[in-house]
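Okay, structure first, notes after.
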Amino acid sequence: MSSPAGISRCATFAPGSPLIPPRPPPGYASLRVLPSEILLELTISNRCGQAFRWRANDVWEPVDREEAKRDTVYPAGNSSSVVTKDESLVDAAVANRPIKADPDENDTSSAWPDAEHDDVGVKAEHGQKKESTSSLTGDVEWQRWTEYSMALSDRVILLRQDVSRGYVYHRTRLPDAIEAQLSGHDYVELYERGTDAWLRDYLNLRVPLDQMYQEWADKDKVFARFAKRFAGVRMLRQDPWECLCAFICSSNNNIARIGQMVMALSHRYSPPLLTLEYPPPPPTTGTDATSTGVEAGPTRITYHPFPAAAALTSEDVEGTLRSELAFGYRAKYIWQTARVLAQTHVGPEPDCGYECRLALEGLNLAPVHVTTRNLSRPATPPPTPRKRKRTKTDANRFAKEGDGSASTESSRLQTTHSPTSFLHSLRSMTYPGARAELIKFQGVGPKVADCILLMSMDQPSSIPVDRHVYQFAARWYGMRVKEGTKGYEELADRFRQLWGEYAGWAHSVIFTADLRSFQNFKVEAVKGEKVKQEDLSSSIELPGLNTIDAKPFVPTPPTAPLVAAQPEYEMLLKPVDKSSYHRPRRPVSRRVQTLESASAGKEPTHRSTLEGKASCPLRPSSQAQTSSPAENAHGDATPSTTMADRVKITRRKRA
DNA sequence: ATAGAACCTGTGAA
DNA sequence: ATTCACAGGTTCT
């Protein structure tokens with residue numbers, strides 16, 4: 001166990017030897033995962049377009065010189081976690097207690113007291129009161145972490161990745177009232193274990209990613225180009241309801257705004273769970289505020305769970321989403337979807353903490369919590385020759401019926417599922433069956449359905465064919481199809497032919513590599529010299545790829561082989577890809593449309609109001625290193641206006 | 001059955 | 001200062 005001497009700060013990589021024991025920060029538990037199996041930055045970061053609710057905060061900790069004396073023996077090899085039973089773990093956890101949300105705050109514009117501020121993590125004014133940081137004596141060495149955090153229904157999960165050692169560290173934060181009462185034993189037994197189980201499930205750790213990378217790279221030269229630089233792109237197993245909402249928001253939208261919308265939805269329609277405080281960077285780092293001289297205060301973040309469908313069913317939701325949260329035309333889709341779900345599946349929602357409970361019990365499917373008796377639809381793929389297909393318009397009508405006054409037709413369709421359990425139950429359906437169910441919702445088409453299936457419903461072969469896919473299919477694979485239903489399916493099938501059962505996972509690697517947000521990811525910047533983009537745009541010799549005959553591909557239920565983490569991992573630092581491809585121009589007709597809508601008395605696109613300039617430091621400025629100014633709002637979470645800032649004006653014409 | 005147009009909003013670039 | 005294209009599409013005609 002020879003650890004390199006100088007790996008103190010944000011080591012991009014060092015070989016993750018199983019012999020190197022984990023060194024979790026105080027209060028954190030360890031989960032053994034090599035970076036080739038998952039790289040959080042490429043997976044849960046809200047820049048990836050997969051999950052949208054994780055925050056990324058920089059945290060600095062003084063480097064502990066003397067070896068942390070931990071009594072645990074860490075097994076080498078496969079992913080296995082160690083939950084330290086040491087009481088000091090709990091002590092440390094309780095020491096840094098979360099701050100309560102201000103109860104006196106009076107916010108009329110929102111349902112929850114803090115909703116105007118917390119979703120952006122307001123910087124506190126006073127930078128003097130440093131409570132947790134040790135007094136910084138002369139030459140303290142600081143280590144910077146990126147900490148990801150997200151609220152589940154009953155807790156906040158904190159995640160850090162130690163790439164050099166091959167561990168993910170996690171920690172559970174609870175509301176004040178609960179955390180104060182817990183003994184160390186309870187903390188571990190009631191919460192930390194559940195978090196660990198949830199994390200394994202959520203991160204899909206049973207799938208051997210590194211091994212699949214090798215297989216994909218063998219079959220696909222294009223994939224091989226990205227395999228090293230974009231190692232660790234793993235598909236999450238997200239909550240279906242949240243995933244459904246997020247990808248309804250995704251239509252005709254960019255990743256940054258999708259994330260903002262999902263966050264805004266949470267903060268507006270679910271109560272605050274707890275507030276955490278992130279200290280400002282230590283002065284010694286000299287990364288940030290040295291130029292300004294302004295001592296930054298701590299960043300406070302209040303976490304909200306994702307709201308249940310029932311919270312989005314009241315009449316005013318659509319208008320609120322539209323005028324206050326700037327959802328645009330997607331407001332109606334979200335509202336209708338929530339309404340149809342809540343009125344169709346009338347069983348009680350699972351209690352708080354169901355995510356971890358499900359994972360702890362090893363139950364992948366929803367029907368555990370709710371009896372699924374009078375299902376109107378079979379749990380197996382529906383026999384397609386139905387008399388009269390239930391159309392989206394029908395669903396729309398159904399949504400608009402009064403709450404209690406269910407027509408005979410409606411009541412016949414009701415189930416004892418809850419919205420949550422119904423969506424979970426789609427995980428046990430076949431790909432076409434679950435897809436058909438999803439497409440019934442307004443705002444869900446083939447692409448969005450495939451996103452949901454891939455990212456939350458155990459359909460790893462599902463390939464969402466979007467603009468990117470058409471583009472790189474043509475450019476890199478020579479697959480040219482006409483955009484449209486037929487081309488969509490053909491393209492997806494051909495990629496399934498190429499990549500196999502987990503084709504959707506491979507697709508995600510290419511997709512991520514194709515994001516402009518990651519255009520410079522792990523690319524050594526040659527000083528002053530721009531790397532030419534011809535590398536990627538130039539045609540690549542790919543004999544055979546163009547002639548894959550599109551046999552119908554029948555997706556199979558996912559298998560879950562145990563992960564065999566590869567101990568070796570090499571990072572490629574070749575400055576190969578600095579691509580920015582040129583997207584195809586859209587039809588000129590859009591110009592007309594824009595002009596027309598602008599002249600239709602809408603609010604101006606750019607508001608000049610400055611009053612609501614509250615920044616949105618989802619990530620501290622030091623972390624936003626987007627080098628491409630052309631990045632469409634990816635690089636920084638600093639909108640010109642806040643959600644609460646906008647004035648409601650438009651009474652939309654409803655056709 | 002298949003094309004086009006329309007749809008909200010925010011941002012960088014021209 | 002203004003305008004425009006574009007962003008992980010879907011719905012309607």
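To find a chain, count down the sequence lines: A is the first, B the second, and so on, and within it residues start at 1.
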| Watson-Crick or G-U counterpart of dC12(C), or none if no pair lies under 3.5 Å | dG4(B)

| said: It should be established whether Lys332(A) places a side-chain nitrogen or oxygen under 4.0 Å from OP1 or OP2 of nucleotide dC7(B). | reply: no

| query | Expressed in angstrom and rounded to an integer, what is the separation of Ile334(A) atom CD1 from dG9(C) atom P? | reply | 15 Å

| task | Tell me what Gly49(A) touches on the nucleic acid: a base, only sugar-phosphate, or nothing, going by heavy atoms under 4.0 Å. | result | base

| field | Side-chain donor-acceptor pair present, Arg339(A), Thr313(A), cut-off under 3.5 Å | value | no

| said: In this structure, how many angstroms lie between the C1' atom of dG8(C) and the CD1 atom of Ile452(A), rounded? | reply: 12 Å

| remark: Met261(A) atom CE is separated from dG9(C) atom C1', nearest whole Å, by 13 Å

| said: From OH of Tyr329(A) over to P of dC12(C), roughly how many Å is that when rounded to an integer? | reply: 13 Å

| field | Side-chain N or O of Arg467(A) closer than 4.0 Å to phosphate OP1/OP2 of dC6(C) | value | no

| With sugar-phosphate meaning primed atoms plus P, OP1 and OP2, does Cys48(A) contact a base, only sugar-phosphate, or nothing at under 4.0 Å between heavy atoms? | base

| To the side chain of Met455(A), which of dT9(B), dG8(C), dC8(B) is closest? | dG8(C)

| said: What I want to check is whether the side chains of Asp220(A) and Tyr477(A) have a donor and an acceptor closer together than 3.5 Å. | reply: yes

| said: By nearest atom, which of the nucleotides dC8(B), dG8(C), dA3(B) is closest to the Arg330(A) side chain? | reply: dC8(B)

| task | Round to the nearest Å and state the distance from Arg257(A) atom CZ to dG12(B) atom P. | result | 14 Å

| remark: Between Val444(A) and Asp466(A), the residue closer to the 5' end of DNA chain C by nearest nucleotide is Asp466(A)

| query | With respect to the side chain of Val448(A), which nucleotide from dG8(C), dC8(B), dT10(C) is positioned closest? | reply | dT10(C)

| Nearest-Å distance, CD (Gln442(A)) to P (dT10(C))? | 12 Å

| query | When the P atoms of dG8(C) and dG4(B) are considered, how many whole Å apart are they? | reply | 24 Å

| With sequence neighbours left out, what residues match Ser462(A) under side chain to side chain contact (heavy atoms under 4.5 Å, CB included)? | Tyr431(A), Asp450(A), Leu453(A), Leu454(A), Gln459(A)

| field | With Phe327(A) via ring-ring contact (aromatic ring centres under 6.0 Å, His included) - residues at least two apart | value | none

| request: Could you please name the partner base of dT2(C), counting Watson-Crick and G-U wobble pairs only when both distances are under 3.5 Å? | output: dA14(B)

| field | Electrostatic pair Glu489(A):Arg435(A) at N-O distance under 4.0 angstrom | value | yes

| message | Would you measure the distance from the P atom in dC4(C) across to the matching atom in dA6(B) and give it in whole Å? | response | 15 Å

| Does the ring of Phe518(A) carry Arg47(A) above it, NZ/CZ under 6.0 angstrom from centre and within 45° of its axis? | yes

| Atom C1', compared across dA1(C) and dT11(B): separation rounded to whole Å | 16 Å

| dA5(B) and dA5(C): how far apart are their P atoms, nearest whole angstrom? | 14 Å

| query | How long is the line joining CD of Glu483(A) and P of dT10(C), in whole Å? | reply | 12 Å

| task | Report which part of the nucleic acid Tyr333(A) touches: base, sugar-phosphate, or nothing (heavy-atom distance under 4.0 Å, all strands). | result | sugar-phosphate

| request: For Phe327(A) and dC7(B), give me the distance from atom CZ to atom C1', rounded to whole Å. | output: 16 Å

